[in-house]
There are 2 protein chains.
Amino acid sequence: MRKPTIQDVARKAGVGVGTVSRVLNNHPAVKAATREGVMAAIAALEYTPNPHARRVAGGRSYTVSVMLPVLSTEFYTRLLSGLEAAFQEARYDVAIFPLLDRSRLERYLGSHTLAYQADGLVMATHDLTRLLRDRRTLTPQPTVLVDAHSPDVDCAFMDNVTGGRLAGEHAVKAPGAVYAMWVETELDQLFPARVFEDRRSGFLSALDRAGRPLATEVTSAFDTLAARNAAAAVLDRAQAEASGAPCTVFAAADLLASALLDEAHARGLRPGVDLRVIGFDDQPWAAARGLTTLHQPVEGMGHEAATLLLSRLNGYRGAPRARRFEPHLVVRDTA
Amino acid sequence: MRKPTIQDVARKAGVGVGTVSRVLNNHPAVKAATREGVMAAIAALEYTPNPHARRVAGGRSYTVSVMLPVLSTEFYTRLLSGLEAAFQEARYDVAIFPLLDRSRLERYLGSHTLAYQADGLVMATHDLTRLLRDRRTLTPQPTVLVDAHSPDVDCAFMDNVTGGRLAGEHAVKAPGAVYAMWVETELDQLFPARVFEDRRSGFLSALDRAGRPLATEVTSAFDTLAARNAAAAVLDRAQAEASGAPCTVFAAADLLASALLDEAHARGLRPGVDLRVIGFDDQPWAAARGLTTLHQPVEGMGHEAATLLLSRLNGYRGAPRARRFEPHLVVRDTA
DNA sequence: TTGTAGGCGTTATCAG
DNA sequence: CTGATAACGCCTACAA
């Protein structure tokens, strides 16, 4: 029960291996009839080309590596979906390298897999290009950044400043006082990121432009309990300072908004009536709870990053390209 | 600046490629002097063997695949460390496949990487052997289960029943009432796991053997806020039912124990004096907070799983082996 | 448009 | 012990 090889396919289809190879790499110069015969043989034998042999033969391995921080947050799940969809379409496999901690990074740097296996590399959130270059652990291979940007390489990133600005512009449409809840800057010192700083600066600029002050802002860890406490703190302030119009609270992540909704509910406050809430992320449950929030085209960003890399793999030479993605406001019941 | 090949090394060392290959695979039949010369050449050239070529020629790629559920919990980080350490020692690379959702599983099943790249497969927590066999997506390759068990394949697993029992035996050493906090059964229906059921059955059997009743038990989601609420519920009960002796609470996960400690503190209760707390996991912070808890040799389990797989890869044929690992109680201040 | 042959970097076999 | 040399599965000229 050996795995079938290109030889087997050629024999079965009654053609030469060269022809099989051509249909595999859909080379144009193959007669339609021949192609179909080969395809049939491939299907019959359940043949899959051996990527290692492909790689050795001088070509490519049709796999790319993706390095990203901790998985399991919705953002990275969606990002991975976007990337994988695009790569799969182009018949590329993806190898995942989660950067759980520093030692793992070291391990990857010395890894054969990173150095050899992949035809290209996508790095999410953290720009490690310089690090990799210094270590010269890998033959320079096409690289693309996603959810991060650098002038040196292709990148696809989310414009969190714009996201914050959109939230701010929506917030000031109502007369009440404005509050905000932020997330503490990233946990891991090794890989600083600045999404929340960006959201904040966009938000503040919008308020500023409207001549509106920010009443109070609180910062919370990215965890449900901390969020609930922060929500309570905000509502304490808001209720103490209550003027006529309902206040607006911008929660810079839906996790925070969820806690705020819970806390408001516990206090008998009706979101959308007694207070306005604007979230950020548009998590799956947001629609059900009527949360007005910012939707990020995360899959789209992943897809675009993959496309950028694929174009390089197909030989594109040119200056680094930057693709910016904008969140958009989804207005629902809470604001 | 082409990457050096085995040819380059052979030339530089003044030997044949066969010899270089032998030292690479540390074949015994190489004179020490020759070996050193080759090693020197390898170092000088910064040569690294091309795993794809190895695969094509010799049949093995020196990489293994690891399929596991969501990363980012401490347990899996430690598990991965144990696995990676052992594999790295044997000069194997590891490819990680996070099973974030069902669609991703489908994707993996059709993946070249899973089918070709790996010489072996380790599956954590979920036994997907049957699924893979049915799909026959891959040439049957050596497989090992870790944190799960099955009579059909090698496995290394944690004995949670024993862990629960140890907690129970420690709990009944003191006279007060006994309470327990459990974690809701796993979120994802696709991959049911039963760690908490096991911990519970061990715990209950110990109480039973000691002729002691369980006063009250509560179940919580695996999340800090839910845990805090559950902790409050337990303490409400405990304070209402208070007898003379301090009660004992077994929190089946340190996440729960942490919330319990917080809630106790908020109520002015002194752990270790006014109530006893036993956790489970021995998370990094447990020592600092003086938490009595169960330590699991997670890295050891990972290491052993890797060792089992490596022995298969080295040709071991024999009945499936099961390696059981036991948590042990770490007694600190809280109980 | 297609088949044949050489080569990719290693391992494995087989003489010496 | 070691050096040739034939695979390994595929791609890519080159020739037909």
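Being a predicted model, the structure only gives us computed values, none of them experimental. Numbers restart at 1 for each chain; the letters A, B, ... are given by sequence-line order, proteins then strands.
Rounded to an integer number of Å, the gap from Ile6(A) CD1 to dA7(D) C1' is 17 Å. What separates CD of Gln7(B) from P of dT11(C) is a distance of 12 Å, to the nearest Å. Atom CZ in Arg54(A) sits roughly 18 Å away from atom P in dG9(C) (whole-Å rounding). His27(A) has its NE2 atom 10 Å from the P atom of dA13(D), to the nearest Å. Regarding Tyr62(B), its OH atom lies at a distance of 10 Å from the C1' atom of dT10(C), rounded to whole Å. As a whole-Å value, the separation of Leu24(B) CG from dA12(C) P is 11 Å. In this structure, Glu36(B) atom CD and dC1(D) atom P are separated by 15 Å, rounded to whole Å.
Side chain Arg55(B) to base dG9(D): no donor-acceptor pair is found below 3.5 Å.
The side chain of Ser21(B) contributes no N or O atom lying less than 4.0 Å from OP1 or OP2 of dA12(C). For Asn25(A), a side-chain nitrogen or oxygen approaches OP1 or OP2 of dC11(D) to under 4.0 Å. Regarding contacts with the backbone of dT10(C), a side-chain N or O of Tyr47(B) is found under 4.0 angstrom from either OP1 or OP2. An OP1 or OP2 oxygen of dT2(C) is reached within less than 4.0 angstrom by no side-chain nitrogen or oxygen of Thr19(A).
Note: Phe87(B) and Tyr92(B) have tilted aromatic rings, judged against thresholds of 30 and 60 degrees for the angle between ring planes.
Between the Asn25(A) side chain and the His27(A) main chain, no donor and acceptor come within less than 3.5 Å of each other. A donor-acceptor pair under 3.5 Å links the side-chain atoms of Arg312(A) to the main chain of Gly318(A), judged by distance alone. Looking only at distances, a side-chain donor or acceptor of Arg78(A) sits under 3.5 Å from a matching main-chain atom of Gln296(A).
Taking Arg11(A) as the reference, Asp8(A) meet the salt bridge (charged side-chain N to carboxylate O under 4.0 Å, His left out) condition, with sequence neighbours excluded.
Positionally, the nearest nucleotide of DNA chain C for Pro28(A) lies more toward the 5' end than for the other of Pro28(A) and Val17(A). Residues Ala53(B) and Arg22(B) both approach DNA chain D. Their nearest nucleotides, taken by heavy-atom distance, put Arg22(B) toward the 5′ side.
The side chain of Lys31(A) lies closest to dT1(C), out of dC1(D), dC10(D), dT1(C). Of the candidate nucleotides dT2(C), dG9(D), dG3(C), dG3(C) has the atom lying nearest to any side-chain atom of Val15(A).
Ion pairing between Arg55(A) and Asp119(A) holds under the 4.0 Å rule for side-chain N and carboxylate O.
Across the helix from dT1(C)-dA16(D) to dG16(C)-dC1(D), the helix axis at one end is tilted relative to the axis at the other end by 40° (nearest 10 degrees, each axis from five pairs).
Between the side chains of Thr34(B) and Arg22(B), no donor N or O sits under 3.5 Å from an acceptor N or O.
Among the heavy atoms of the strands, none lies under 4.0 Å from Val20(B).
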